[in-house]
Amino acid sequence: MFRSLHIKLMLIMLLLITSLMAVVGTFLTTSVSSFYIDSFYQQMDNMFGSEPSSDGTAAAKNPEFMTALTGEANASDAAARMQDVLEANTGSLGIDYSTRNYYILDGTTGECLASSDDTGGRPPEDTPNLLSARNGSVGDRSDLTADYMDVAIPIKGTAGSYIIYILDDKSTVSDLNGELFTIIMQALVIGLLISVLFSYLLSKTMVIPIERLTEGAERVAAGDFGNKLAVESPDEIGILTGTFNHMADVLQDSLNAVENERNKLDTLFLHMTDGVVAFDHDGALIHCNPAATDMLQRTVSNECTYEELFGEVYPLAQILALQRPNYADSEMRVGQKTLEIYLAPFSDQARGGVLIVLHDVTEQHRNEERRKEFVANVSHELRTPLTNVRSYAETLRDSCGDIPPDMANSFLDIIINETDRMAHIVQDLLTLSRLDAGNTEMNFTRFDFGEAITSVVRANALEARRRGQELTLDPAELPSVMGDRPRLEQVMMNVLGNAIKYTPDGGHIRVSSGSAGDHVWAEVTDDGIGIPEKDQEHIFDRFYRVDKARSRESGGTGLGLSIAKEIVERHHGSIRLIRREGPGTTIRLTLPIRQGQP
Ligand code: ADP
């Protein structure tokens, strides 16, 4: 009830009533005083005053009275006689013997000769009007500031001069004003009571709806849009309540839209492969998605700052100074990864921030490197045989038949061999590029894996025998597998071919196989030259050869194992080098038993 608006209303009412009463009171008392004074002087003027007559001289307004007075002034007992005249006119003069009295004074000495004041009171001696009368002129000037009213009329007689002095002590006005003051104070008290009542009623019609609105606004601020405020009146407060309800609806819609957008962005940031990190104007972390945490290879907590994470790339102030849509970009290395980073301010406002997008380009860079290396390798691999072909062909052309036919034939054999080599390389490259592009049709059938191994071993047996190598196949019961048999045989041919190639004459090669769980395996072990440890992880790379001269000599291209790897991976299997004690090499091929066509 005593909320500030209520008190303000009450104070305004009290102030209004008090000031109204003060104005009315002042106006009334002033009016009463001036009315009383005016009527006194009017009364005196009617009795003692004169007015211009038709012949231009001054004529008394009350000639009978004035003639009687001046007539009596000539008598020897002038004072008593004049008193009789005055006594006869006390009604017209308003003499009441208490507040207003008359005095007959000696015109020369000012001595009081007679008066209506029974208490023996004497008139003041030196009022301006008295002084005027003693100088012979009528004293009837009014002085509003004085606490009395008076007129002094000089009367000349033959025996002497006299002054008729009428004095009113204004106590009637004071009493009247006192009465008025009491009435005004009573009215003020009643007015104040009424104002308290009014302010209470006003609070009912104004403050309570405002309080309801305040509660509603607090609910909305707390996010509760459920309860609408009832519009109870069609006045301004009713309109305000309706507008408030509408505003709450609009706000709720906007909040929902913002929430939706935020959810969308959250989902986007959560699942996108690029990293997104946001910092506020002071460099404090606002957001970091899982991809960014992953790329930065560290825990990004809320305490992390821009300075800590990207301070070395660009100073924060420099990014904030950018005008949208400008941005800065750079590259940074985190561990083994290369990250491309884009930095942009996300608001033109003074208190914006910085949004950073991280893009992992490690694989891209690696692929680029591989591509360059691959092109260099291909060029190199083709240039060597081409140079050979060209130089032998030039020699044959320039010899003009000087070269013996046997030598010429051997030159031609070299040319044919180099051409075959190039054709071989080109064929392998074609196979690889088809596998890369996914254009190679795999013809999946269920076949006997053991039988496929046996047929590959059998195909290589002659070559092994020719080189005096011991090629053994461990018998094993193998389930049938799903796959492209000719291509898997091509893989095994390559592995077994390598074992024969890189094992000296008289060496040992063992082919073993088996099954475990849901997969089958085949292993080719030799006791040949083996592969140095530093080269082991590269033998499945394109064009990688441990000993280039030996590989080329034996017709190798350095592509066989990379093609094998591609084919096996298309079967969801694996091919890898097994590290074993002792000399030689072991390559193991593993394939799933139950796989459908990919
Ligand atoms: P290549 O056509 O040169 O044989 P591969 O891709 O088949 O190409 O083999 C890659 C390289 O791996 C070979 O050049 C060779 O140096 C090495 N390598 C493969 N198999 C063996 C093995 N059984 N013994 C020793 N080295 C081998």
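One-based numbering, in listed order, for ligands and for the atoms of each.
Between Glu441 and Arg434, none of the side-chain N atoms (NZ, or NE/NH1/NH2) sits under 4.0 Å from a carboxylate O, so this pair counts as no salt bridge. Ion pairing between Arg485 and Glu451 holds under the 4.0 Å rule for side-chain N and carboxylate O. At a threshold of 4.0 Å, the pair Asp436-Arg542 counts as salt-bridged, since one of the basic side-chain nitrogens sits closer than that to a carboxylate oxygen.
Arg370 places a side-chain heavy atom less than 4.5 Å from the side chain of Glu363.
Relative ring orientation between Phe269 and His287 is described as tilted, the plane-to-plane angle lying within the 30° to 60° band.
Here the side chain of Asp526 pairs a donor or acceptor atom with the backbone of Thr585 at under 3.5 angstrom.
Listed by chain and number, Asn494, Asn498, Ala499, Lys501, Tyr502, Asp526, Ile529, Gly530, Ile531, Ile539, Tyr544, Arg545, Val546, Asp547, Ser551, Gly556, Thr557, Gly558, Leu559, Gly560, Leu561, Thr585 each place a non-hydrogen atom less than 4.0 angstrom from ligand 1.
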